[in-house]
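Source: prediction; values computed, not measured. The basis for the numbers below is simple: all heavy atoms, side chains too, and nothing from hydrogens, waters or symmetry mates. For reference, positions follow the sequence shown, starting with 1.
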Amino acid sequence: MIHINEEVARCLLCADAPCGEKVARTIRALRFENHWAAKELFEKLNDAEIEAAEKACIHYDKPIRISELKKQTACAENRASSDNLPSLEINFCDMVCENPFFLASSAICTNYEMVARALEAGWAGVFYKTITKAEIQEVSPRFDAVRKEGTPFVGFRNMEQLSENPYQMDFDILRRLKQNYPSKRIIASIMGQTEEEWIELAKMAEDAGCDAVELNFSCPQMRLTGLGSDIGQNPELILFYSSYVKDAVKIPVIPKMTPNIMSMTAPALSCFYAGASGISAINTIKSITMSRNAEVSEKKTVSGYSGKAVKPIALRMIYEITGNPLLYKAGIERHMDISGIGGIETWRDALEFIQLGCRNVQVCTAVMQYGYRIIDDLILGLKHYMQERGITELKELVGEELKNIVLPSELDRETMVFPKIDREKCIGCGRCFISCADGGHQAITFGEERKPHIVGTKCVGCHLCRLVCPTGAIGVAKRMQKPSHQITT
């Protein structure tokens, strides 16, 4: 028997799908956690199609076992069909958006052709790559990745700056995009060097027909001081520049925040007092990687870090905005909408940002890794989730988890949850034993029969064992009162 996630992860997600587009689409649904859609898609594939797909697979090792994937997916519980799924339409900064999924300002949206393909694929809008009047000269190479145990990269480092196009060309591109895709939301990201430049660029965005303007206060790798994250680390500059732009244009103004600060509270308040319509958060995190293959003429530098690995940091910073009582719980009538960014690959990732108060999410690194096509499963997965819960409007999910975020001092410390081993799934590898012995509380025994056993008198319910189990054989039991020897007074 195969492990679905491991087998799907082996798929190369080929550009031209030698296995056939129907099979490729089904595997992508599994890869991006859209198992509801995958089951429906598999039911439409006959044995001959699957056999042909396995023969056509060009994997460098051995073909993906598609027939086995179909068998195991068929065992999944039945869900509602894809008929009559709810709409993902949502209002963001007074803009009606067909769904919450936008391209983030970056290398994935640098010209007309790229953005047009993305919009036609189903993305609701774009935060176009940051436009500036400054001369931009990029380095080579400009990317690096952090990998773990053969997985696709979990972290991505880039040294890319802003758009290299002449700024007049970029605004012409945005004008044509809005003319040709009027129902999509076209947002210009800009960066000025002076008050006058910020205002000039914002007015050009408005004149080009853009729906909003994003102020890049957050790029971590500008080669000149006083730009990018240098502004985002200074609440006074955020307030001043945001106010200047807000007074100069009528379209929504959305400052983009840097994570390279201790707290998001002061910058967010600056945006609020400046009258910003929303906030984009977060941009990339300052970092260094040491790979020789990523050196620029044998030199390294500090640059931005993104990808799945930064998602928990991004969520924490989103919460510092949406959970701020000065902004959302103290009777202030005008709320800023939040666009969440950071490590979004699947619809579940996006859902987490929405549940913490975002009405919009931006994706970059996942598109660089897998392409615009991931929008299919972002949309379908979120729709299925809403249908399963009986939710008809996406706005019902916005901020629903805020009530469950508490201070460490407010957490329940009187009860615990013991881990529970599924003997059918356990293969006897002993990973749980090793981790508990060397990094936990020595609460697992592992003998000649190659079966782990939890010692209840030693287990503290930390669940390290569950996290390291490679087969998902360790689950959770019911929450119960802590044993008396574990309760301190």
Side-chain angles (χ1 to χ4, degrees), residues 85-105 115 118-119 122-128 174 177-178 181-189 202 205-206 209-215 242 245-246 249-257 268 271-272 274-281 315 318-319 321-324 327-329 331-341 344 347 349-363 375 378-387 389-403:
L85 291 174
S87 168
L88 294 183
E89 184 176 283
I90 192 166
N91 189 300
F92 170 68
C93 293
D94 293 326
M95 298 178 287
V96 177
C97 307
E98 65 184 73
N99 64 60
F101 302 113
F102 279 50
L103 300 181
S105 175
V115 178
L119 298 179
W123 295 86
V126 58
F127 288 78
Y128 189 78
L174 295 176
L177 285 168
K178 190 60 188 176
Y181 300 93
S183 65
K184 303 290 186 176
R185 297 305 171 189
I186 310 300
I187 300 175
S189 177
E206 187 171 50
C210 293
D211 294 290
V213 60
E214 182 184 71
L215 312 182
S242 299
V245 174
K246 179 65 179 177
V249 297
K250 293 182 174 62
I251 57 177
V253 174
I254 307 169
K256 185 173 184 178
M257 297 291 98
C271 297
F272 177 81
S277 301
I279 292 177
S280 294
L315 289 172
I318 292 295
Y319 176 69
I321 303 171
T322 57
N324 188 318
L327 293 173
Y328 285 88
K329 298 178 183 177
I332 297 175
E333 293 183 358
R334 185 187 62 77
H335 292 177
M336 291 183 297
D337 289 338
I338 309 301
S339 182
I341 319 165
I344 297 171
W347 67 269
D349 298 325
L351 174 65
E352 292 174 6
F353 281 82
I354 292 168
Q355 289 176 320
L356 281 186
C358 296
R359 300 179 72 88
N360 173 275
V361 293
Q362 300 179 41
V363 183
I375 189 61
L378 289 171
I379 290 174
L380 203 53
L382 191 53
K383 283 185 174 183
H384 271 292
Y385 174 81
M386 290 172 60
Q387 184 185 58
R389 287 189 53 188
I391 292 172
T392 58
E393 293 185 289
L394 185 58
K395 66 181 181 181
E396 296 178 51
L397 295 174
V398 176
E400 68 171 356
E401 282 292 326
L402 287 173
K403 64 181 183 297

Colleague: Rounded to the nearest 0.5 Å, how far does OH of Y319 lie from CD1 of I338?
Modeller: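 Reported to 0.5 Å precision, the distance equals 14.0 Å.
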Colleague: By salt bridge (charged side-chain N to carboxylate O under 4.0 Å, His left out), which residues pair with E396, not counting sequence neighbours?
Modeller: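 Salt bridge (charged side-chain N to carboxylate O under 4.0 Å, His left out) check on E396 returns nothing, list empty.
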Colleague: Could you give the distance from CD1 (I318) to CD1 (I354), rounded to the nearest 0.5 Å?
Modeller: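 I318 atom CD1 to I354 atom CD1 measures 11.5 Å (nearest 0.5 Å).
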Colleague: Output the distance between atom CG (L394) and atom CD (E89), rounded to the nearest 0.5 Å.
Modeller: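 Between L394 CG and E89 CD, I get 10.0 Å after rounding to 0.5 Å.
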Colleague: Looking at every non-hydrogen atom in both residues, tell me the closest pair between I251 and C210 and how far apart they are.
Modeller: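 Heavy-atom minimum between the residues: CG2-O, 3.6 Å.
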Colleague: For N360 and F127, what are the C-alpha separation, side-chain angles and deciding distance, and is it a side chain to side chain contact (heavy atoms under 4.5 Å, CB included)?
Modeller: CA-CA 11 Å; N360 173 275; F127 288 78; 4.0 Å; yes
Colleague: List in chain and number order the residues that pass salt bridge (charged side-chain N to carboxylate O under 4.0 Å, His left out) with E206, two or more places apart in sequence or in another chain; answer none if no residue qualifies.
Modeller: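 So E206 forms no salt bridge (charged side-chain N to carboxylate O under 4.0 Å, His left out) with any residue.
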Colleague: Using side-chain hydrogen bond (donor to acceptor under 3.5 Å, both in side chains) as the criterion, list what pairs up with K178, not counting sequence neighbours.
Modeller: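 Partners of K178 under the side-chain hydrogen bond (donor to acceptor under 3.5 Å, both in side chains) test: D211.
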Colleague: Does R359 have any side-chain hydrogen bond (donor to acceptor under 3.5 Å, both in side chains) partners at least two apart in sequence or in another chain, and if so, which?
Modeller: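 Checked R359 against side-chain hydrogen bond (donor to acceptor under 3.5 Å, both in side chains); zero matches.
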Colleague: Tell me the closest heavy-atom pair linking K246 and S277, and the distance in Å.
Modeller: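 Closest heavy-atom pair between K246 and S277: NZ-OG, 3.8 Å.
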Colleague: Taking all atoms of both residues into account, what is the closest heavy-atom pair of I391 and L397, and its distance?
Modeller: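 Where I391 meets L397 most closely, the heavy atoms are CD1-CD2, 3.2 Å.
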Colleague: Hey, can you pull the donor-acceptor pairs under 3.5 Å for the side chains in residues 90-105, sequence neighbours left out?
Modeller:
unit_1, atom_1, unit_2, atom_2, d
N91, OD1, D94, N, 3.0
E98, OE1, K184, NZ, 3.0
E98, OE2, K184, NZ, 3.1
N99, OD1, F101, N, 2.8
N99, ND2, G122, O, 3.0
S105, OG, Y128, O, 3.0
S105, OG, T130, N, 3.0
S105, OG, T130, OG1, 3.2

Colleague: Just so I know, are the side chains of C271 and M257 near enough to count as touching, which here means a heavy-atom distance under 4.5 Å?
Modeller: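 Heavy-atom side-chain distance check passes, below 4.5 Å.
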Colleague: Which value, rounded to the nearest 0.5 Å, describes the distance between I279 atom CD1 and C358 atom SG?
Modeller: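 The distance works out to 10.5 Å.
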Colleague: Taking side chain as C-beta onward, heavy atoms only, is V361 less than 4.5 Å from D349?
Modeller: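 Answer no - side chains too far apart.
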Colleague: How far does CE of M336 sit from OG1 of T322, to the nearest 0.5 angstrom?
Modeller: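 If I round to the nearest 0.5 Å, the distance is 10.5 Å.
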Colleague: Does K403 have more than 12 heavy atoms from other residues, nucleotides or ligands lying within 6.0 Å of its NZ?
Modeller: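 Yes.
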Colleague: Could you pull out the closest heavy-atom pair between F353 and G340, with the gap in Å?
Modeller: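 Distance-wise, the nearest heavy atoms are CD2-CA, 3.8 Å.
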Colleague: Closest heavy-atom contact between I187 and E214?
Modeller: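 Of all heavy-atom pairs spanning I187 and E214, the closest is CG2-N, 3.9 Å.
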Colleague: Nearest 0.5 Å, please: how far is CG in L351 from CD1 in I344?
Modeller: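 So the gap between those two atoms works out to 10.5 Å.
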Colleague: Mind checking whether L119 and I186 have side chains closer than 4.5 Å, heavy atoms only?
Modeller: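 Yes, their side chains come closer than 4.5 Å.
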Colleague: What's the shortest heavy-atom distance between I254 and A212, and which atoms?
Modeller: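 Taking every non-hydrogen atom into account, CD1-CB, 4.1 Å.
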Colleague: Looking at residues at least two apart in the chain, or sitting in another chain, which of them share a side-chain hydrogen bond (donor to acceptor under 3.5 Å, both in side chains) with S242?
Modeller: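 Residues passing side-chain hydrogen bond (donor to acceptor under 3.5 Å, both in side chains) with S242: none at all.
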